[in-house]
Structures are given as C-alpha cells and as structure tokens.
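Data block below; observations after.
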Amino acid sequence: MNAPAHPAQVLAGSVAAGPVLAVDGLSRAFSGSKVLDGLSFVVPAGQATALIGANGSGKSTLLKCLIRLGGEPDAGRIQMLGCDVRALPPRDLRRFRARVGMVWQRHNLVPRLSALSNVTHGVQARLSGPRSWFQALAPAEVRAEAMACLDRVGLADRAMARVDGLSGGQQQRVAIARMLMQRPEFILADEPDASLDPQTGQEVMALLLGLVRQDGLSLLVISHRLEHTLAFSDRILGLAQGRIALDLPTAQANEPGLRRFFDHGVAA
Amino acid sequence: MTAAVAPTRFRRRSLAEYTGLVLVLALVVSSLAATAPSLDKIGRGVARLFAPSGLVMQMFPPDFSRIVPIGWKLLETLQMAVAGCALGLVFALPFAILATDRLSPHPLIRTAARALIALFRTVPDLVWAIVFIIVVGLGPAAGVLAIMVDKIGFAGRFFAEAMEETDPGPQDALRAIGASRLGLIVSAVIPASLPSFTATSLFALEKSVRGSAALGLVGAGGIGVDLKVAFDLFNYDEALAIILMMLALVIAVEQGSGWIRRKLI
Ligand SMILES: Nc1ncnc2c1ncn2[C@@H]1O[C@H](COP(=O)(O)OP(=O)(O)O)[C@@H](O)[C@H]1O
Ligand SMILES: [Mg+2]
C-alpha cells in the first residue's frame, strides 16, 4: 500500500487539515547498507500517526532524518510545517527544529538539574542567553510557563526535585513538559513508552494523545506495543525493508495482521 | 584416566622476543653505567652526610627563629598557588571546550587547542617560570603566570576528557530543540561534568601548592628563594625549618582538598 495522495480525512473525531509532513523518496544508508530505501508517506495534521516496524527496521533513523539529526539523508524530499527541510541553511534549521517537539526513548534530561530547570531549557527554542540556562536565571514569565507545563504533566509539586531522583515515568513526563515549553507544532516521539512499565507507558501515551485531541497538535509516534498503537493512534504506518509497507486508518487495522507486522515486518 | 601433565614453566619465545629483551637490558645497563653513581661514591657521601660536621648534624635542631618572616613567605607561596590555579582553571575551561570532538566549532581549532594544552602540560612549570621572569621580571607575578599556564595544561586535558565522557543524549535533545552551541554547553554539558570538574580543580590546587614552593628557586616568588638562600649561606638548620613548614602547608592543603572531595562525591 502506498501513501494516499489526499490524506486529509476526518478521522476519530479530529478535524484534519493538509499534511503536516510529506516525505518523498527518502533514502539513508549506513556504510553501504540501505536502511531507508526511497520511502514516501504523508502525515495528516491534527492527528496521531503511529509508526511501527520490526526492531532495526529504521524507525529511529527515519525520525532523526526528518529533523536532520545524526547525519544527512542521501536522497529524497522532506516537506514539514511548510519548510523544505533538506534545503534549510543552518540558521533556519535551528529555527525549524524549535517548532518540532521531540520525545525520545530515553528521557535525555540533564542529570543533577531540577525538573524546573530541565523544562526551562525548552525555551531555548525561542530565547538564548543566560536567561534560558537555569530556572534561577529565567524571567518570571518563563518560570510561570515552565510551571504550567509541569502542571500539564502532573508534576508541579516536583518542580525543584533533581531529575535523577525521579522515577522513569516521571522523568519521561518532565521530558514531555520540556517539549511543551518549546511550544511545538508537531511532535515526533520515538518509543516514549519503551523503558516504562505497562501502566506508566500507557499514561505517557495518553498524555501525548491528549495533546493531539485537546491542543490540536500533530503527532508521529513510534511504538513497539501493539495495544498502544491500536489505542492511541488515528493512523498506522508500517516500515519494512526501508519502505512504507503499511498505511491505513487505525480503525481498519486487524490485530493478528498487526501482530505479524510487529514480529516479522510482513504486511497485514 | 591419564594424569594431567603440567605445562612447561615458561612459554617458548621467538627470536624477535629474545632480541627485544636483550635490547631493553642493554639500554638499562648502559644508562646506569653512564649516569648512576658508583656504590663507593654513595657510601662516602652518606658517611659525609652523617659526620659530626655533616649536613644532617648541622640541620638539627631546626632553627625556627625567623618563623614570622618565613611564615609570611609561606602565605605568599599559598597565595601564588591559589591565584595561579584560579586563573588557570578559568582559562582551562574554554581551551577544553575547543579541544573536544563534540563541541569544538572546527577540527582545525580542535587540533590547535589540543596542541596548546599539550604544550602547556609538557613544558615543566620551572621552565615557564623562567620564561615569565623574562616577560614580567623577578617576583611572584612570574610565578603566578607559570602556575596558570601549567594548570591550563593540566585541567584543560581533564576537563576535556570529562566533557567527552558525558552522556550525549541530553545534548542531542537540546540540539533538537534548536539550542545554540553555548546554550548546549552551559545547560547540558557543564552541569553533567561538574563532579569531575570539582575533583580536577582540587587536584590542580594541590599540584599548584607543591609547584609554587619550588618556583622561588628560579626567582619567581614564594618561599623557594628563602630555601635557596639558606642553603647558599650554609644555614642548614634554617633550611630544615623551611622544609618542615613547606611540608606542613602541602599536607594541610592535601588533607583539606581530600576532605572536600569526599564530601562532594
Ligand atoms: N549511526 C549509525 N551508524 C550505523 N548504523 C546505524 C546507525 N544508526 C542506525 N544504524 C543501523 O540502522 C538500522 C536501523 O536502526 P534504527 O533506526 O535504530 O532501527 P529501529 O529504531 O527501527 O529499531 C540498524 O540496523 C542499525 O544498526
Ligand atoms: Mg529505535
């Protein structure tokens, strides 16, 4: 199945606009072996799109390629948030990255700093200099916004706790708060539930879906848990052999077929 | 069941290995022959040391009659160490940042920074002191500059290593946010490296105090010059007093910094 030419559809109660991301012929090889082999797909705005695929199929590589992190793609076009991503000069690339929120498999917070300082770092998307480095130096309105972001993820009472003392689920929520502080328009999440226990992982996925439903953000999320993919997405993309081998609304997905895809990368 | 036979005591070695061994032995023996004192020379020297008019007898008892002026010079020595070390640590940080793979703006700049740090570290501080005496004249200022340069070499290297060893995850995350290089360094790299920076800084202070006591020997300020004068005037009992006070200072600083290190880490 290939990406539909007009993906703008009304799905799961959310009103979809044009695509927030359109990828065409994207390729990426590591020392000769092609991980992404000319793949194309579209991500509709205002929806939660899940990306699935077997281990090592290149999902993380794809996500990083989209914001040109970890090396440049070898070929292809990436149209995201109205930008031709591969053509951006360094300065514009920084400004573009600021508009895209990234949630990682590991939380990637700065250890030894407080939750509030880590969330404050999100303001570096639009503010540089000492006032963006630590919560203690931040202007009052930045601190207030950071507190609001922490409150959104339910951690306002742990603002001054060192992040290396928080639980895994709390750390992932602080990372989401930092991402919110960025005021992103599009969220890329790479297995945000992978290192968490099932209950906590589900809470984190629900939090991300809430940002789509309540705040109208667009989401592309990699998940390695079948039940999360089914429960927290509007659309499912499947990656296999460097190409998009699966592209369908979640409502039309059948569980055994998805299970086969998760395990063997075989289309449903 | 056959009894297990023990292997030969020594592994068979190749001709190349034997040749290498012979060469190393030849190097050691020839070096000893060229430079080491003969046994009877050492024997006569030790006998002279302990003779009734010898160095050891003249050193005892130590003469503390000039303890007040010596104490002031000791304070100057400590001040040189603290000032030189502080300046060195401040400048070591930018040098270290430029010398890391991840944070340096350009490979050429990184190579240059590494070369400078290696130069600062390799040339002994006494040589730096002589250089700075030519630049700023005799006195503690030359000593402070020598300690500073020595510390840029010492701390620059360890600061850079500490920053290379930090987890790249948080840095990638901030880069993905669109943070500037400076923002990345100050808000992600330095907080993560802080425990290592502190340990390095304390070692640098200990090294500075030990080093500053000797700088006076070449005229770069501090107590070393008093020691040299005492020896030159054959005031061996006062020399011993100075050595003991230097020892006390070094031990005090090492104990203090060891205590802080245990508290922090
Ligand atoms: N920086 C890299 N250098 C070399 N090979 C890489 C690199 N990153 C990923 N790969 C390879 O690309 C393939 C896909 O990796 P990845 O994108 O992490 O897969 P996934 O996230 O789907 O599990 C793997 O075979 C991996 O070994
Ligand atoms: Mg992955």
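Naming convention: chains lettered A, B, ... in sequence-line order (proteins, then strands); numbering from 1 in each chain. Just so it is clear, the values below take in all heavy atoms, side chains as well, and ignore hydrogens, waters and symmetry mates.
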Which region of [X], side chain (C-beta onward) or backbone (N, CA, C, O), has a non-hydrogen atom less than 4.5 Å from a non-hydrogen atom of chain B, or is it both or neither?
X: Trp133(A); value: both
X: Val123(A); value: neither
X: Leu109(A); value: backbone

Inspect the surroundings of [atom1] in [X] and state if more than 12 heavy atoms from other residues, nucleotides or ligands are less than 6.0 Å away.
X: Arg131(A); atom1: CZ; result: no
X: Gln255(B); atom1: CD; result: no
X: Arg13(B); atom1: CZ; result: yes
X: Lys73(B); atom1: NZ; result: yes

Minimal heavy-atom distance between Pro191(B) and Val110(A), with the atoms involved, is CB-CG1, 4.0 Å

Tightest non-hydrogen contact, residues Leu113(A) and Ser187(B), listed as CD1-O, 3.6 Å

Anything in residues 171-186 of chain B with a heavy-atom distance to chain A below 4.5 Å? Please list those residues in order. Asp172(B), Ala173(B), Leu174(B), Arg175(B), Ala176(B), Ile177(B), Gly178(B), Ala179(B), Ser180(B), Leu182(B), Gly183(B), Leu184(B), Val186(B)

Considering only heavy atoms, give the residues of residues 124-139 of chain B separated from chain A by less than 4.5 Å, sorted numerically, with 'none' for an empty result. none

Name the member of Val189(B), Leu194(B), Asp167(B) that forms the most heavy-atom pairs with chain A at distances under 4.5 Å. Asp167(B)

